[in-house]
Q: 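Following this message is one structure expressed as structure tokens.
The shown structure was predicted, so the numbers you read here are calculated from the model rather than taken from an experiment. Heavy-atom basis, side chains included; hydrogens, waters and symmetry copies ignored.
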Amino acid sequence: QVQVAESGGGLVQAGDSLRLSCRVSGVSFHQTGMGWFRQAPGKEREFVAAITGRSGASRYGDSVKGRFTVSRDNVANTVYLQMHNLKPEDTAIYYCAAAPGRFLVVADAEYEYWGQGTQVTVSS
């Protein structure tokens, strides 16, 4: 069974930093493209970041470029999202997703497996 589990969310103040983690099991992790998405109340799910399995090449949504960094540890089967200079508009549930056999994927429909999400709340 494939399992995807996010952690690290919490309540922070504007300008703070936070790191989310996503542990994955049941897939060949180094051959699995990983992505981060977020969804705020009343809004559609938004692409945040993606990273390839081996090369570590990454891509970011326009709203987080220059502030967020995605990385992965293929020994620990874990992908991270390091968030800096958080803003109130970053408040959302953050989801981790896995796409076995894929590379950089920005469309949520292309991801096969999803975590339950972790809440990030940024106060002004």
Side-chain angles (χ1 to χ4, degrees):
Q1 292 285 350
V2 176
Q3 294 183 322
V4 181
E6 309 95 334
S7 63
L11 174 63
V12 298
Q13 294 182 323
D16 284 354
S17 298
L18 196 63
R19 189 177 75 163
L20 306 182
S21 298
C22 174
R23 291 180 171 83
V24 183
S25 62
V27 300
S28 182
F29 187 71
H30 63 94
Q31 297 179 0
T32 299
M34 299 296 301
W36 287 97
F37 294 80
R38 67 187 184 185
Q39 188 166 25
K43 299 181 67 176
E44 296 294 321
R45 187 159 53 194
E46 176 188 17
F47 170 74
V48 175
I51 187 168
T52 62
R54 284 189 172 273
S55 72
S58 58
R59 184 172 178 178
Y60 299 91
D62 290 340
S63 63
V64 305
K65 288 179 180 177
R67 298 189 298 119
F68 291 9
T69 301
V70 64
S71 62
R72 65 192 295 158
D73 183 340
N74 285 347
V75 175
N77 284 13
T78 302
V79 63
Y80 304 95
L81 184 69
Q82 180 67 58
M83 304 181 291
H84 294 292
N85 191 26
L86 284 162
K87 304 174 181 180
E89 52 263 42
D90 294 318
T91 295
I93 300 175
Y94 284 71
Y95 296 93
C96 179
R102 307 295 299 277
F103 300 95
L104 285 175
V105 180
V106 300
D108 54 2
E110 298 296 326
Y111 284 94
E112 186 173 1
Y113 303 104
W114 293 79
Q116 296 298 307
T118 185
Q119 177 71 47
V120 173
T121 302
V122 185
S123 63
S124 60

Q: If every non-hydrogen atom of Val4 is compared with every non-hydrogen atom of Ala98, which pair is closest and at what distance?
A: CG2-CB, 4.4 Å
Q: Going by an N to O cut-off under 4.0 Å, is there a salt bridge joining Lys65 and Asp62?
A: yes
Q: Quick one: side chain to side chain contact (heavy atoms under 4.5 Å, CB included) partners of Gln3, sequence neighbours excluded?
A: Ser25
Q: May I ask you to test the Thr118-Ser7 pair for a side-chain heavy-atom distance under 4.5 Å?
A: no
Q: Give every residue pair that meets the ring pair (Phe, Tyr, Trp, His ring centres under 6.0 Å) criterion with at least one member in residues 24-46, sequence neighbours excluded.
A: Phe37-Phe47, Phe37-Tyr111, Phe37-Trp114
Q: Taking atom CZ of Arg59 as the centre, report whether more than 12 heavy atoms of other residues, nucleotides or ligands fall under 6.0 Å from it.
A: no
Q: Donor-acceptor check, side chain of Arg72 to backbone of Gly33, threshold 3.5 angstrom: yes or no?
A: no
Q: Closest heavy-atom contact between Pro88 and Ala14?
A: CD-CB, 4.2 Å
Q: Answer whether the closest heavy-atom distance between the side chains of Asp90 and Arg38 falls below 4.5 Å.
A: yes
Q: Nearest heavy-atom pair of Tyr60 and Val70: which atoms, and what distance?
A: OH-N, 2.8 Å
Q: From the options Val122, Val64, Thr121, select the one residue that forms a side chain to side chain contact (heavy atoms under 4.5 Å, CB included) with Leu86.
A: Val122
Q: Please tell me whether Val106 and Tyr94 are part of a single hydrophobic cluster in this structure, the criterion being side-chain heavy atoms less than 4.5 Å apart.
A: no
Q: What are the two closest heavy atoms between Ala50 and Leu104, and how far apart are they?
A: O-CD2, 3.6 Å
Q: Kindly write out the residues that satisfy side chain to side chain contact (heavy atoms under 4.5 Å, CB included) with Gln39, not counting sequence neighbours, or none if the list is empty.
A: Arg45, Tyr95
Q: Looking at His84 and Ser17, what are the two nearest heavy atoms and their distance?
A: ND1-OG, 2.8 Å
Q: Closer than 3.5 angstrom, by distance alone: can the side chain of Asn74 be matched with the main-chain N or O of Arg54 as a donor-acceptor pair?
A: no
Q: Do Val2 and Glu112 have side chains that get closer than 4.5 Å, going by heavy atoms?
A: no
Q: For the residue pair Glu6 and Leu20, establish whether any side-chain heavy-atom pair is separated by less than 4.5 Å.
A: no
Q: Measure the shortest side-chain to side-chain distance between Thr32 and Val24 over non-hydrogen atoms and say whether it is less than 4.5 angstrom.
A: no
Q: With heavy-atom distances below 4.5 Å as the criterion, would you say the side chains of Gln119 and Thr91 are in contact?
A: yes
Q: Could you tell me whether a side-chain N or O of Tyr80 sits under 3.5 Å from a main-chain N or O of Thr69, the two making a donor and an acceptor?
A: no
